[in-house]
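Read through the structure below, which is laid out as structure tokens, and then see the notes.
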Amino acid sequence: MSLELSASRDAFERACRVMPGGVSSAARAFGPVGGNPPILASGAGARVRDVDGNEYLDLVGSWGPLIRGHAHGDIVSALGDAVSRGTSFGATTELETRLAELVVERMPSVDLVRFTNSGTEATMAAVRIARGVTGRDTILKFQGCWHGHADPFLVAAGSSALSLGQPDSPGVPGATANLTLTAPFNDADAVAGMAARHDLACIIVEPVAGNMGCIPPAPGFLEALRRISDEHGICLILDEVITGFRIARGGAQERFGVSADLTTMGKTIGGGLPVGAFGGARRFMEHVAPLGMCVSQGGTLSGNPLAMAAGYATLAPLAGEAYDRLEQLGGRLEDGLAAPGVEVQRVGSMMTVFFGGGPKRCLEDVTRCDMDRFARWHRAMLERGVYLPPSQFEAFFVSLAHTEEDIDAIIAAHRDALASL
Ligand SMILES: *Cc1c(COP(=O)(O)O)cnc(C)c1O
């Protein structure tokens, strides 16, 4: 099967002349799978269309945010209303307060929340608050977890850092990297040992790892992090940029029954516009500038009315039924994708198809995958009209716009793709 991508090829060459790698975010590059990327022109519901006119069932969903699919009518009209009233004020609006109220209601561990423009800004700020309030400098993260591209997190980072085979980025000062300790995901004993030996400001974790492929927390792992944090006065940051509002109405904290001191959010909370947020217990958040000890944080466009309107329109209608539906569609896709030689790991509507190497509990397991087979599968799926993240180390997402027929079409493409490898 072949795919006509001549207009995409021209568009991509043009992009490469003026943008590094032709992309605005490294994870989008097709390096790990090879071949030319389709250049996307539009999306509607569960589908995207490229500049050559090819249509794909989309499982990227803008890397998570589009839980209601592309160009949903509610979101388009909320954006229309907001845009006609002005795109930015740099002052508090009721749109912001309304979304903040929704966050506080759905995430019981969050007393106060602040909006940012990205998940990276949220995690950066959360770590600064943890350091400011505890008076400690060292942080602990997990190998293969991605918390955005700020310096303290580019140590054994997931996502594009993994795909490019370059876990530690040039440009991160050694002095900064030295303050970031890492432990294997799902290894609570390692964490207990490190917490006893070091004065940790925070433990930051993706409650479901999503940036080395989808890895659920082992039973008891998140509870152990909560216990260790309490024992040592460590701030537990749950990075819910993917999981928040995605794997349950109240995110991973609702789904797994753990609670964070600080929570970082992004992706789904903006419904496709650039939004992040961090929030948590009053004893931490009451030190964010202009309050308390005034931990610095700000942003010209933070809480932007368009972003707040899109986020609210996305999240407000999501109740139990929506999550039941995502669970059902996710389960149907997982069952259909299961095959000899591949493992499907899923939590709700986020999942990854791993090629070989047995079940994945941590980064080391993931690095045993057959990357070449993944790359060939990725291209075979694209040729069969399924758009997936171009890396073995990413999760993909089912949205409420997918129908049973869409899921079955993806499964049929998968069977055919596997047979062709
Ligand atoms: C995507 C992601 C981030 C970074 O969010 P950006 O909006 O890309 O800056 C942080 N943490 C996790 C878990 C993510 O998946």
Side-chain angles (χ1 to χ4, degrees), residues 64-65 67 96 99-134 139-142 145-148 150 152-153 200-211 217 221-223 225-230 234-270 275-288 291 295 297 299 302-303 308 311-312 314-315 318 323 347-348 350:
I67 198 165
E96 243 171 313
L99 186 59
E101 285 168 348
L102 183 151
V103 172
V104 168
E105 187 226 306
R106 293 194 189 176
M107 298 227 171
S109 72
V110 175
D111 297 325
L112 294 169
V113 60
R114 173 151 302 170
F115 294 110
T116 62
N117 305 291
S118 68
T120 300
E121 287 177 58
T123 54
M124 273 168 58
V127 166
R128 187 176 302 133
I129 295 157
R131 284 172 160 162
V133 172
T134 61
I139 70 171
L140 176 68
K141 75 178 282 290
F142 293 89
C145 282
W146 174 259
H147 303 292
F153 308 122
L200 296 177
C202 66
I203 296 173
I204 182 167
V205 66
E206 292 180 70
V208 176
N211 288 282
F221 175 61
L222 297 173
E223 293 84 343
L225 298 184
R226 181 65 277 171
R227 200 172 52 245
I228 294 163
S229 300
D230 289 340
I234 299 165
C235 174
L236 179 61
I237 303 174
L238 293 184
D239 182 354
E240 295 230 40
V241 169
I242 291 181
T243 54
F245 317 105
R246 162 60 72 179
I247 63 169
R249 197 163 188 257
Q253 296 178 65
E254 176 185 317
R255 190 160 175 133
F256 299 109
V258 284
S259 92
D261 296 310
L262 291 175
T263 301
T264 52
M265 293 156 266
K267 300 193 168 105
T268 306
I269 198 178
V275 188
F278 61 94
R282 208 167 276 280
R283 74 176 191 287
F284 288 97
M285 293 300 290
E286 71 191 0
H287 293 294
V288 178
L291 301 180
V295 176
Q297 198 282 328
S302 294
M308 297 295 105
Y312 188 81
T314 299
L315 297 185
L318 299 187
Y323 292 97
V347 176
M350 67 185 279

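What you see is a predicted model; the values in this text were computed from it and never measured.
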Do you know which two heavy atoms are closest between [X] and [Y], and how far apart they sit?
| X | Y | answer |
| --- | --- | --- |
| M265 | A122 | O-CB, 4.0 Å |
| M107 | G244 | CE-CA, 3.9 Å |
| M350 | G210 | CE-CA, 3.8 Å |
| I242 | R246 | O-CB, 3.0 Å |
| Q297 | A125 | CG-CB, 3.8 Å |

Can you name the ring-ring contact (aromatic ring centres under 6.0 Å, His included) partners of [X], sequence neighbours left out?
| X | answer |
| --- | --- |
| Y323 | none |
| Y312 | none |
| F153 | H147 |

Which residue pairs pass the salt bridge (Lys or Arg N to Asp or Glu O under 4.0 Å) test when at least one of the two sits in residues 110-125, sequence neighbours left out?
none
Supply the atom-to-atom distance [X] [atom1] to [Y] [atom2], rounded to the nearest 0.5 angstrom.
| X | Y | atom1 | atom2 | result |
| --- | --- | --- | --- | --- |
| I203 | K141 | CD1 | NZ | 13.5 Å |
| F284 | I237 | CZ | CD1 | 8.5 Å |
| I234 | I228 | CD1 | CD1 | 7.5 Å |
| M124 | I129 | CE | CD1 | 11.0 Å |

Side-chain touch [X]/[Y], heavy atoms, less than 4.5 angstrom:
| X | Y | value |
| --- | --- | --- |
| M285 | L262 | yes |
| L99 | L315 | yes |
| I269 | F115 | yes |
| F221 | V205 | yes |
| L140 | C202 | no |
| V133 | C235 | no |

Quick one: salt bridge (Lys or Arg N to Asp or Glu O under 4.0 Å) partners of [X], sequence neighbours excluded?
| X | value |
| --- | --- |
| E105 | R249 |
| R282 | none |
| R106 | none |

Can you list the steps and then say if R131 with I139 is a side chain to side chain contact (heavy atoms under 4.5 Å, CB included)?
CA-CA 8 Å; R131 284 172 160 162; I139 70 171; 3.7 Å; yes
For [X], which residues count as a side chain to side chain donor-acceptor pair (under 3.5 Å) partner, sequence neighbours excluded?
| X | answer |
| --- | --- |
| S109 | Q253 |
| T268 | none |
| R283 | D261 |

Which of these passes side chain to side chain contact (heavy atoms under 4.5 Å, CB included) with F278: V127, L112, T116, T123?
T116
Side-chain donor/acceptor of E96 to backbone N/O of M308, under 3.5 Å:
no
For A252, what residues pass the side-chain contact (heavy atoms from CB on, under 4.5 Å) criterion, not counting sequence neighbours?
P207, E240, T243, I247, F256
Does V241 have any side-chain contact (heavy atoms from CB on, under 4.5 Å) partners at least two apart in sequence or in another chain, and if so, which?
D239, T264, K267
